[in-house]
J.: 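Following this message is one structure expressed as structure tokens.
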There are 2 protein chains.
Amino acid sequence: MPATIRDVARASGVHISTVSRTFSAPHLVNPETRVRVLACAEELGYRPNRAARALITGRTHNIGLIIADIANPFFPPLIKAAESQARHRDYHVFVADTNEDPVAEEELVHALAKQVDGVLLCSPRMSNSLIEQLSREVPLVVINRQVAGLPCVMMDVGQGARAAIEHLLDLGHRKLALLSGPRGSWTSREIRRSAVAAARSGGAELTVLGPNPPTETGGAGLADQVRRNGVSAVLAYNDLMAIGLIEGLDAYGIRVPQDVSVVGIDDITLSRLTRPKLTTVATPTSAAGRTAVDMLLQHDTGVRARGVRSGTSDDRRTTAQVMLQTELVIRDSTAPATPDGRSRSGAVADPDPHCPAGPGHPVAATGGVVAS
Amino acid sequence: MPATIRDVARASGVHISTVSRTFSAPHLVNPETRVRVLACAEELGYRPNRAARALITGRTHNIGLIIADIANPFFPPLIKAAESQARHRDYHVFVADTNEDPVAEEELVHALAKQVDGVLLCSPRMSNSLIEQLSREVPLVVINRQVAGLPCVMMDVGQGARAAIEHLLDLGHRKLALLSGPRGSWTSREIRRSAVAAARSGGAELTVLGPNPPTETGGAGLADQVRRNGVSAVLAYNDLMAIGLIEGLDAYGIRVPQDVSVVGIDDITLSRLTRPKLTTVATPTSAAGRTAVDMLLQHDTGVRARGVRSGTSDDRRTTAQVMLQTELVIRDSTAPATPDGRSRSGAVADPDPHCPAGPGHPVAATGGVVAS
DNA sequence: ATGAAAGCGCTAACAA
DNA sequence: TTGTTAGCGCTTTCAT
């Protein structure tokens, strides 16, 4: 039986409202009284019931985090950073997994709406209009997607994809392929747009393969197509697909980077641990998680004034949109093309395998506001 | 302004208690009325406020999941499985990360207690007595640890470690090392106990190195010690450390498995993707997550009878303890020892790298009750 | 089958 | 500075 505010009031000989103030507005209570109340509360192990408090204040001190696939190694660092940041601000986090299913996404927002002060929508697959509509039910911050009028945290994968393509171009590759991501993914569209443009302006040919599930299996399954297309270099939607592709190519006896160069996106931990180590576009996922929480909580004064059911919700937060920088990290899965269109094995392809881990590749996390 | 029960009552011309019944006890309401109420609710987008409901029923329909480190690839599959299972049963999940800190663990349980119907404690680092004490504040299910009198979900790492050591013994290794895990880890103690016993009964020498942080870095940092100890085979607390160790050894020019054999524990996705592919003890993490949720919710009738503040909480759940099976998965990081005490490179060390993925290694997830 | 009324734990005017 | 009172959204006796 957890102690209630009444137990504490009784024990310390004051009215419950005094106990309430002791916790939510300490400066309004006599220091001596406060000490006594605090002592009794401590004694009884009393903790304010947040749900009861929320009922009247309108602030739950909870947030929701809706994730496309928790088991995808791209997300855990983001979840970790978001949870950590939220807890620093005394918020708890509901985490929910949609399995990349747009319908589950919507249902989850509805279900969570009443229990949270806001929801972080991470890599949503639903339509823009639906997202806008849901944002009228509960404050939303969108991660990995741009939605007009809503606060968004994006990573500049467009710039990253361009850098990746240009790197491949520099290495002499002229016949490229792009492994695109899931249908409905903003990130995938950005990558595609940027990659196509970069290839064109570089006078190279780029074949788009997809859409595909953003998994290792998704990548492995494309090995045959990549082989038959006769491309010498591939950019994948993410590291998982890139690694899957490398495995798949390996099964055909095609070596990376000697025969084909492969670039991933994300720089998940895994990408430093496979052989060859993956050349990839690092995305600042932890920073994205932190930033999204900050944006959500920024204007969360809560205080839905008692009884005031304003028809005009003019408490619209300033809908900043933040674009986080990405950075190309060159490792061992890319090498110069040979005249016949294949990669050439050489120094770049086989760096000293005995050199220690090295200083690592820093990830730029500087955010620049691109809209407001 | 979300619609409340009163709005629905007004719209459908009934009393709020009828609306309430429509949702929580539909059979008690006239079918025609029910249809009308439901229609109005739908129209208004009404959803019962779970927090308000919890205030009176005592059931929040939330659970807490406390994780040692979300970014450790061991946990995401467990989180995913737990969240999925919880949602199937109409529960939402708070996820919190302790960063392996026992103090954070305790604070988190307190903070979450009022908002959840129970907490899953995953790989807790705090003391048994504290866990028992906390379990009087909120129902607990302990994962990856055995605590007398409490429901626990364990994975049989003891048996796994024994199988791993025996595998190494079979390969002819006689000078072994164990990389132990974090201080306070039940899993680490079990592994150690079992590995020491297995080595002894096999007449082999086993050096225990640790405790260590359960990370890649933790493993890499031990390469020098492993080298100087002149062991020919190593069992690591987990795959991350094993992979880190392999990297670290590589920096010294020591090859795995030719010079040293390495076995991990967990079978995280990563372990199939590194070179060499890691020999490891597969632990059924998804099954553990599902099972833990089931155990927590099994007897969750909730209904803390109104006003009845029973001093004797005799609603103690049956405290079953479940031990999930593990399985040794032999891949490419182990090879026969040579007479001089090093591994010999050979067929086992270098299997056909071009053979496709293969059927994969199934993970036994059959749970056997070992106590009640 | 439905309504009336009390109350879960708490906060926030308002009074004193 | 403290107490009084009303009530957040909901469920649950108890009547009717």
Side-chain angles (χ1 to χ4, degrees), chain A residues 1-37 41 44-61 113-115 117 301-309, chain B residues 1-38 40-41 44-61 113-115 117 301-309:
Chain A
M1 347 284 76
T4 79
I5 199 173
R6 246 173 287 269
D7 299 323
V8 178
R10 201 174 306 127
S12 49
V14 296
H15 194 265
I16 62 165
S17 51
T18 302
V19 178
S20 174
R21 282 184 206 106
T22 305
F23 286 93
S24 38
H27 58 281
L28 291 182
V29 65
N30 185 309
E32 294 173 17
T33 317
R34 185 172 38 192
V35 169
R36 189 155 37 91
V37 170
L44 296 172
Y46 168 76
R47 303 230 167 189
N49 182 324
R50 286 175 174 229
R53 181 182 278 178
L55 210 48
I56 192 161
T57 62
R59 318 179 67 200
T60 62
H61 264 255
K114 293 284 205 344
Q115 294 192 81
D117 295 338
T301 56
V303 210
R304 308 177 195 165
R306 278 174 63 113
V308 178
R309 298 210 162 189
Chain B
M1 347 284 74
T4 79
I5 199 172
R6 244 173 288 270
D7 299 322
V8 179
R10 201 174 306 124
S12 49
V14 297
H15 194 264
I16 62 165
S17 49
T18 301
V19 178
S20 174
R21 282 185 205 105
T22 304
F23 286 93
S24 39
H27 57 280
L28 291 182
V29 65
N30 184 311
E32 295 172 17
T33 318
R34 184 171 37 192
V35 169
R36 188 155 37 93
V37 170
L38 252 16
C40 291
L44 297 171
Y46 168 77
R47 303 230 169 189
N49 182 326
R50 285 176 174 229
R53 179 183 280 177
L55 210 48
I56 193 162
T57 61
R59 317 181 69 200
T60 62
H61 265 253
K114 293 284 206 343
Q115 294 192 82
D117 295 340
T301 54
V303 209
R304 308 176 194 165
R306 277 174 65 113
V308 178
R309 298 209 163 191

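Excluded from the calculations below are hydrogen atoms, water molecules and symmetry mates; all remaining heavy atoms, backbone and side chain alike, are included. Because the structure is predicted, anything quoted here is derived from the model rather than measured. Chain identifiers are assigned alphabetically (A, B, ...) following the order of the sequence lines, protein sequences preceding nucleic acid strands; residue numbering begins at 1 within each chain.
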J.: Rounding to a whole Å, what distance do you find between His27(B):NE2 and dT2(C):P?
T.: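 From His27(B) NE2 to dT2(C) P: 13 Å.
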J.: From dA12(C), dG9(D), dC10(C), pick the nucleotide closest to the side chain of Thr57(A)?
T.: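 Shortest atom-to-atom distance from the side chain points to dA12(C).
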J.: Nearest to the side chain of Ser17(B), which nucleotide is it out of dC14(C), dA5(C), dC8(D)?
T.: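 Per side-chain heavy atoms of Ser17(B), the pick is dA5(C).
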J.: Base, sugar-phosphate alone, or nothing: which one does Phe23(B) contact when heavy atoms must sit under 4.0 Å apart?
T.: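 No contact.
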J.: Are the side chain of Arg36(B) and the backbone N or O of Ser12(B) linked by a donor-acceptor pair below 3.5 Å?
T.: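 It does hold such a pair.
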J.: Side chain of Val14(A): nearest nucleotide among dG3(D), dG3(C), dT11(D)?
T.: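 Among the listed nucleotides, the one closest to the side chain of Val14(A) is dG3(D).
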J.: Can you identify which nucleotide, out of dC10(C), dG3(D), dC10(D), has its nearest atom closest to the Pro48(A) side chain?
T.: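 The listed nucleotide nearest to Pro48(A)'s side chain is dC10(C).
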J.: Mapping Leu55(B) and Gly13(B) to their closest nucleotides on DNA chain C, which lands nearer the 5' end?
T.: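 Here Gly13(B) is the residue nearer the 5' end.
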J.: The side chain of Thr33(B) lies closest to which of these nucleotides: dT2(C), dG9(C), dC10(D)?
T.: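 The closest nucleotide is dT2(C).
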J.: Write down the distance between CG (Asn30(A)) and C1' (dG3(D)), rounded to a whole number of angstrom.
T.: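 It is 15 Å, rounded to the nearest whole Å.
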J.: Thr18(B) near the nucleic acid: base, sugar-phosphate alone, or nothing, with a heavy-atom cut-off under 4.0 Å?
T.: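 Thr18(B): backbone/sugar contact only, no base atoms under 4.0 Å.
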J.: Enter the distance from His27(A):NE2 to Arg34(A):CZ here, rounded to the nearest 0.5 Å.
T.: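 These two atoms lie 10.0 Å from each other.
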J.: Given dG9(D), dC10(C), dA1(C), which nucleotide is nearest the side-chain atoms of Ile56(A)?
T.: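 In terms of side-chain proximity for Ile56(A), the closest of dG9(D), dC10(C), dA1(C) is dC10(C).
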J.: Is Thr60(A) reaching over with its side chain to a backbone N or O of Ala54(A), donor-acceptor style, under 3.5 angstrom?
T.: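 Here the side-chain-to-backbone pair does not exist.
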J.: I need the NE2-P distance between His15(A) and dG9(C), as an integer number of Å.
T.: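 After rounding, the reported distance stands at 15 Å.
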J.: Just to verify, which of Ile16(A), Thr33(A), Leu28(A) counts as forming a side-chain contact (heavy atoms from CB on, under 4.5 Å) with Arg21(A)?
T.: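 That would be Leu28(A); it is the only one of Ile16(A), Thr33(A), Leu28(A) passing the side-chain contact (heavy atoms from CB on, under 4.5 Å) with Arg21(A).
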J.: Rounded to the nearest angstrom, tell me the gap between atom CG in Leu28(A) and atom P in dC14(C).
T.: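 Whole-Å distance recorded here is 15 Å.
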J.: Counting side-chain heavy atoms from CB outward, which of dC14(D), dC10(D), dA12(C) is closest to Ile16(B)?
T.: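 Output: dC10(D).
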J.: Based on the rotation axes of five pairs at each end, what angle does the helix from dA1(C)-dT16(D) to dA16(C)-dT1(D) bend through, to 10°?
T.: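 The angle separating the two end axes equals 40°.
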J.: For a quick test of reading the model, state the closest non-hydrogen atom pair linking Gly58(B) to Asp117(B) and the distance between them.
T.: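 Gly58(B) and Asp117(B) have their closest heavy atoms at O-OD1, 3.9 Å.
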J.: Would you say a side-chain N or O of Arg6(B) is under 4.0 Å from OP1 or OP2 of dC8(D)?
T.: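 Arg6(B) to dC8(D) OP1/OP2: side-chain N or O found under 4.0 Å.
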J.: Specify the separation, in whole Å, of atom CD1 of Ile5(B) and atom C1' of dG3(C).
T.: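 To the nearest whole Å, that distance equals 13 Å.
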J.: Can you tell me how far CZ of Phe23(A) sits from CD1 of Ile5(A), rounded to the nearest 0.5 angstrom?
T.: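 Between atom CD1 of Ile5(A) and atom CZ of Phe23(A) there are 8.0 Å.
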J.: Mind checking the OG1-NZ spacing from Thr4(A) to Lys114(B)? Nearest 0.5 Å is all I need.
T.: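 Answer for the OG1-NZ pair, Thr4(A) versus Lys114(B), is 9.0 Å.
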J.: In whole Å, I'd like the distance from the CG atom of Asp7(B) to the P atom of dC10(D).
T.: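 Taking CG of Asp7(B) and P of dC10(D), I get 9 Å after rounding.
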J.: For a quick check of understanding: with a heavy-atom distance under 4.0 Å over all strands, which category does Arg47(B) fall into, base, sugar-phosphate or nothing?
T.: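 Sugar-phosphate: the residue Arg47(B), judged by heavy atoms under 4.0 Å, touches backbone atoms but no base.
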J.: List the atom of Leu55(A), the atom of Ala52(B), and the distance in Å for their closest heavy-atom pair.
T.: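 For Leu55(A) versus Ala52(B), the nearest heavy atoms are CD1-CB, 3.7 Å.
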J.: Arg50(B) has an atom CZ; how far is it from atom P of dT11(D), in whole Å?
T.: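 For the pair Arg50(B) CZ and dT11(D) P, the rounded distance is 12 Å.
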J.: Measure the distance from CG on Leu44(A) to P on dG9(C) and round it to the nearest whole Å.
T.: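 Value for this atom pair: 14 Å.
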J.: Return the nearest nucleotide to the side chain of Arg21(A); candidates are dT11(D), dA13(C), dC8(C).
T.: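 So the nucleotide nearest the side chain must be dA13(C).
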